[in-house]
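Order of the sequence lines sets the chain letters (A, B, ...), proteins ahead of strands, with each chain counted from 1.
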Amino acid sequence: MNVILNGSATTVSVHTVEGLVAGVTEARRGVAVAVNGEVVPRSAWPGAQLREGDKVEILTAAQGG
Amino acid sequence: MPDIFKDSRLILGTGGAESLAALEAAIVASGTDMVTVALRRIDAAGPGLLPLLDRLGVRVLPNTAGCYTASDAVKAARLARDAFETDLIKLEVIGDERTLLPDGVELLRAAEILVADGFGVLAYTSDDPILARRLADAGCAAVMPAGAPIGSGLGISNPHHIRLIRDSVTAPVILDAGIGTASDAALAMELGCDGVLIASAVTRAEDPARMAAAMRHAVEAGRLAFGAGRIPRRYHALASTSDAGMPQW
């Protein structure tokens, strides 16, 4: 399946947001996910199914004022 | 809603630090117990910031930096709440790139939505006393007027307006943006601000840790001076030494 992950076209073998995050980071606290512009709360990651072409943003803390 | 201030009235912004080691030294020297962070794509943000902040025992105040509309800022705030498990948010809704000053219309709209959503909104605003009052009336947990544009180091352009804001709201007032050196932070506190938020003045100083220590003392000194009640300004001198017992030659 192909998704847009943080702005880059990416082919993934997982089917949930949980699986996608697990492939990027071991961290959970400090990580937030939006799919197609909508916040997916952490508690919903395991059940959140990815679809072809989804735009997924995986975000975390960066230095900022 | 959690208290904004615990031991320190200085909130440190983490933006602009050259390295995590430099940031750590500045945080420790500042004595702060709350620092701001932004939310960015994980591949660009890199690891290490949050573990560092956890290790230092400082609380995280996420911001909505980079948002130009209420809807973007609300989305960023909701993502930050999910990521950092805090209801506090530093709400920034910027009006243009050149000044980085807030767009008051979008800011107030976003603040209303987030307050209704249970957030403790610390609103980065201009030094306009009327807008600050509208934000406080909307239920913001604090108003954060800019002394001068972000990163400018120009100090407090209009101290009179900061005092007007202090007098017109009961919510905490936190001077945010514009501070260049320690005397600016002291002035903010002397004007009655409850705290200051400093990023660039520390992180971009030649010696960030030393400047952080200076800011810590400045905030404490300014707060003490505010509480002590300064003498009124006079046009002419008033001798501090009594003439009583003055010898006659």
Side-chain angles (χ1 to χ4, degrees), chain A, chain B residues 11-20 22-23 35-54 60-66 71-72 74-86 90 92 100 124 150-151 176-177 197-204:
Chain A
M1 175 165 46
N2 299 300
V3 300
I4 308 293
L5 175 58
N6 285 352
S8 299
T10 308
T11 302
V12 296
S13 55
V14 297
H15 299 279
T16 64
V17 167
E18 174 74 24
L20 195 57
V21 172
V24 174
T25 178
E26 291 178 3
R28 287 296 173 268
R29 195 175 95 77
V31 178
V33 176
V35 175
N36 300 325
E38 297 298 321
V39 181
V40 182
R42 197 182 313 162
S43 58
W45 292 355
Q49 297 292 316
L50 294 170
R51 293 181 183 77
E52 181 74 21
D54 274 350
K55 290 181 179 167
V56 185
E57 298 281 343
I58 302 180
L59 311 172
T60 194
Q63 289 179 35
Chain B
I11 302 172
L12 199 65
T14 60
E18 278 193 0
S19 66
L20 287 180
L23 180 62
V35 302
T36 63
V37 299
L39 202 55
R40 291 292 181 266
R41 286 173 169 171
I42 196 163
D43 38 333
L49 179 58
L50 205 55
L52 168 66
L53 302 180
D54 287 345
V60 167
L61 174 63
N63 69 23
T64 62
S71 68
D72 279 358
V74 166
K75 202 172 291 176
R78 288 176 175 154
L79 283 162
R81 175 156 69 179
D82 197 50
F84 304 117
E85 297 158 9
T86 173
K90 177 186 167 184
E92 285 184 50
L100 296 179
Y124 166 65
I150 292 170
D176 183 6
L197 196 160
I198 303 172
S200 306
V202 166
T203 59
R204 294 189 169 127

Exercise for review: Let me know which of A:Val33, A:Val31, A:Val39 forms a side-chain contact (heavy atoms from CB on, under 4.5 Å) with B:Leu79.
Suggested key: A:Val39
Check your understanding: Looking at A:Val21, A:Leu5, A:Ile58, which hits side-chain contact (heavy atoms from CB on, under 4.5 Å) with B:Ile42?
Key -> A:Ile58
Under a 4.5 Å heavy-atom cut-off, does chain A meet the side chain of [X], its backbone, both or neither?
X	value
B:Ile150	neither
B:Ala65	neither
B:Leu49	side chain
B:Ala83	both

Review point. What is the minimum heavy-atom distance between B:Ala45 and A:Ala61, and which atoms define it?
Key: CB-O, 3.6 Å
Scan the chain A/chain B interface and emit each donor-acceptor pair under 3.5 angstrom with its distance.
unit_1	atom_1	unit_2	atom_2	d
A:Asn6	O	B:Arg41	NH1	3.3
A:Asn6	ND2	B:Asp43	OD1	2.9
A:Arg29	NH2	B:Asp54	OD1	2.5
A:Arg29	NH2	B:Asp54	OD2	3.0
A:Gly30	N	B:Ala83	O	2.6
A:Gly37	O	B:Lys75	NZ	3.3
A:Arg42	N	B:Asp82	OD1	3.4
A:Arg42	N	B:Asp82	OD2	2.9
A:Arg42	NH1	B:Glu85	OE2	3.0
A:Arg42	NH2	B:Asp82	O	2.9
A:Arg42	NH2	B:Ala83	O	3.3
A:Arg42	NH2	B:Glu85	OE2	3.3
A:Glu57	OE1	B:Arg41	NE	2.7
A:Glu57	OE2	B:Arg41	NH2	2.7
A:Ile58	O	B:Ile42	N	2.9
A:Thr60	N	B:Arg40	O	2.8
A:Thr60	O	B:Arg40	N	2.9
A:Ala62	N	B:Ala38	O	2.8
A:Ala62	O	B:Ala38	N	2.8
A:Gln63	OE1	B:Ala17	N	3.4
A:Gly64	N	B:Thr14	OG1	3.0
A:Gly64	O	B:Thr14	N	3.3
A:Gly64	O	B:Thr14	OG1	3.2
A:Gly64	O	B:Thr36	OG1	2.6
A:Gly65	O	B:Lys90	NZ	2.5

